[in-house]
2 protein chains.
Amino acid sequence: MKLSTKGRYGVTAMFDLAVRYGQGPISIKEISERQFISEPYLEQLFASLRKAGLISSIRGAQGGYILAYHPEDIKVGDIIRVLEGPIAPTDCVNEDDSFLCEKSNICVTRDIWLKLRDSINDVIDEISLADMVDNYEKKLNNKAYMYYI
Amino acid sequence: MKLSTKGRYGVTAMFDLAVRYGQGPISIKEISERQFISEPYLEQLFASLRKAGLISSIRGAQGGYILAYHPEDIKVGDIIRVLEGPIAPTDCVNEDDSFLCEKSNICVTRDIWLKLRDSINDVIDEISLADMVDNYEKKLNNKAYMYYI
DNA sequence: CATAATTCCGAGTTAGTTACTCGGAATTAA
DNA sequence: TTAATTCCGAGTAACTAACTCGGAATTATG
């Protein structure tokens with residue numbers, strides 16, 4: 001039940017883009033330095049995110065990436081699902097029903113995995129990049145205030 | 001974000017014990033045949049569950065395993081945590097704080113993993129083996145009724 | 001126009017983990 | 001005494017995660 005680095009790095013990198021939303025394209029190099037993620041690995045992740053339509057790229061010098069939508073419209077769940085595949089604690093509760101076993105109609109453990117899946121998806125689909133930015137700024141303010149005292 | 005076979009098989013096997021709670025020891029062979037889990041592998045899982053105190057063993061011929069507590073008092077979460085380790089989507093939200101990074105106080109992605117962790121634990125800690133048995137019997141009754149019509 | 005900064009692409013690699021298997025010792029009911 | 005069982009430690013094969021690498025294509029800038 002661990003998230004892989006793909007999901008974690010992906011959310012972090014997308015948050016980095018969200019904080020700088022509206023300031024033109026941000027390069028992988030910048031993000032990788034700021035967030036301590038290896039450059040070529042981040043490149044890979046961004047390839048997936050671009051193909052999925054969550055970010056757009058600008059090639060060439062001074063190029064980089066920007067969010068394809070307003071931060072409010074990108075949920076953490078969107079990012080994680082692109083990078084980790086469909087979120088389901090077991091295959092038998094995947095969105096596509098191709099891994100159903102023959103006793104699924106009577107299977108009580110499956111009911112648990114269903115509940116678990118839904119609860120996970122609820123959490124990650126309720127948080128947008130904009131929410132993250134808001135929280136981040138609130139934390140920064142609180143910290144500034146604490147130092148002031 | 002997948003559960004391993006340990007967690008899945010473990011819950012299934014414990015459910016099998018719960019259904020037969022009060023009927024004396026159940027052997028690994030029986031369970032493995034009923035639940036389609038390899039015998040020596042299940043043996044391994046039961047070793048962990050026994051060491052964790054969730055089941056008791058009776059050795060020798062006609063021996064087997066029984067739940068160490070009433071099914072009501074064993075939650076799915078207890079089983080999963082024994083077999084999969086502490087449930088946390090990332091190391092930085094582990095129960096023990098040994099994997100905290102230095103910016104955890106200001107990290108907004110960590111807040112998400114915390115929410116996720118709690119939501120997962122809420123689900124698996126609210127369901128007991130007794131609940132599973134109840135649901136199972138309800139399903140059996142419904143099915144019987146359906147066939148009757 | 002040349003150069004440097006970038007994205008884009010496909011492939012390769014290494015270390016760790018998962019999901020097992022296996023052999024045999026110890027225990028106990030029949 | 002035998003057969004059925006748990007108990008234990010070790011071994012292994014396949015898979016996956018988490019990267020790296022080399023170089024081609026694109027484009028702003030001097």
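Each chain gets a letter, A, B and so on, in the order its sequence line appears, and its residues count up from 1. Owing to the predicted nature of the structure, the values given are computational and were not obtained by experimental measurement. Heavy atoms only: backbone and side chains are in, while hydrogens, waters and symmetry mates are out.
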Counting side-chain heavy atoms from CB outward, which of [options] is closest to [X]?
{"X": "B:K51", "options": "D:dT6, C:dT6, D:dC8", "value": "D:dC8"}
{"X": "A:A61", "options": "D:dT27, D:dC7, D:dT29", "value": "D:dT27"}
{"X": "B:S4", "options": "C:dA19, C:dC8, D:dT6", "value": "C:dA19"}

Are [X] and [N] close enough that a side-chain N or O sits under 4.0 Å from OP1 or OP2?
{"X": "B:R50", "N": "D:dC7", "result": "yes"}
{"X": "B:S38", "N": "C:dA19", "result": "no"}
{"X": "A:S57", "N": "C:dT6", "result": "no"}
{"X": "A:T5", "N": "D:dA18", "result": "yes"}

Could you pick out which residue, B:K29 or B:Q44, lies toward the 5' side of DNA chain D when each is mapped onto its nearest nucleotide?
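That would be B:K29.
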5'-most contact on DNA chain D: A:Q62 or B:I58, nearest heavy atom basis?
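Nearer the 5' end of the strand: B:I58.
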Under 3.5 Å, is there a donor-acceptor pair between the side chain of [X] and the main chain of [Y]?
{"X": "A:E84", "Y": "A:G7", "result": "yes"}
{"X": "B:R117", "Y": "B:V93", "result": "yes"}
{"X": "A:S57", "Y": "A:R59", "result": "no"}

Got a second to check how far B:L140's CG is from A:I106's CD1, nearest 0.5 Å?
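The distance works out to 4.0 Å.
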Could you pick out which residue, A:E39 or B:L3, lies toward the 5' side of DNA chain C when each is mapped onto its nearest nucleotide?
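Upstream on the strand: A:E39.
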Interatomic distance where [atom1] belongs to [X] and [atom2] belongs to [N] [whole Å]:
{"X": "A:L83", "N": "D:dA17", "atom1": "CG", "atom2": "C1'", "result": "13 Å"}
{"X": "A:Y9", "N": "D:dT20", "atom1": "OH", "atom2": "C1'", "result": "14 Å"}
{"X": "B:K6", "N": "C:dT21", "atom1": "NZ", "atom2": "C1'", "result": "14 Å"}
{"X": "B:Y41", "N": "C:dT17", "atom1": "OH", "atom2": "P", "result": "14 Å"}
{"X": "B:I66", "N": "D:dT5", "atom1": "CD1", "atom2": "P", "result": "16 Å"}
{"X": "B:K2", "N": "D:dA17", "atom1": "NZ", "atom2": "P", "result": "10 Å"}
{"X": "B:M1", "N": "D:dT16", "atom1": "CE", "atom2": "P", "result": "18 Å"}
{"X": "B:I55", "N": "D:dC7", "atom1": "CD1", "atom2": "C1'", "result": "12 Å"}

Considering all heavy atoms, the nearest A:P25-A:G63 contact:
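Smallest interatomic distance, heavy atoms only, reads CB-C, 3.9 Å.
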Checking all strands, does A:F46 fall into the base, sugar-phosphate, or nothing category for heavy-atom contacts under 4.0 angstrom?
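No contact.
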Determine whether a donor-acceptor pair (one donor, one acceptor, N or O, separation below 3.5 Å) exists between the side chain of A:R59 and the base of C:dT7.
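Checked by distance alone, the answer is yes.
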With a 3.5 Å cut-off and heavy atoms only, can you find an N or O donor on one side and an acceptor on the other between the side chain of A:E43 and the base of C:dT6?
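Such a pair does not exist between side chain and base.
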Above 12 or not: heavy atoms from other molecules or residues under 6.0 Å from NZ of A:K139?
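Above 12, so yes.
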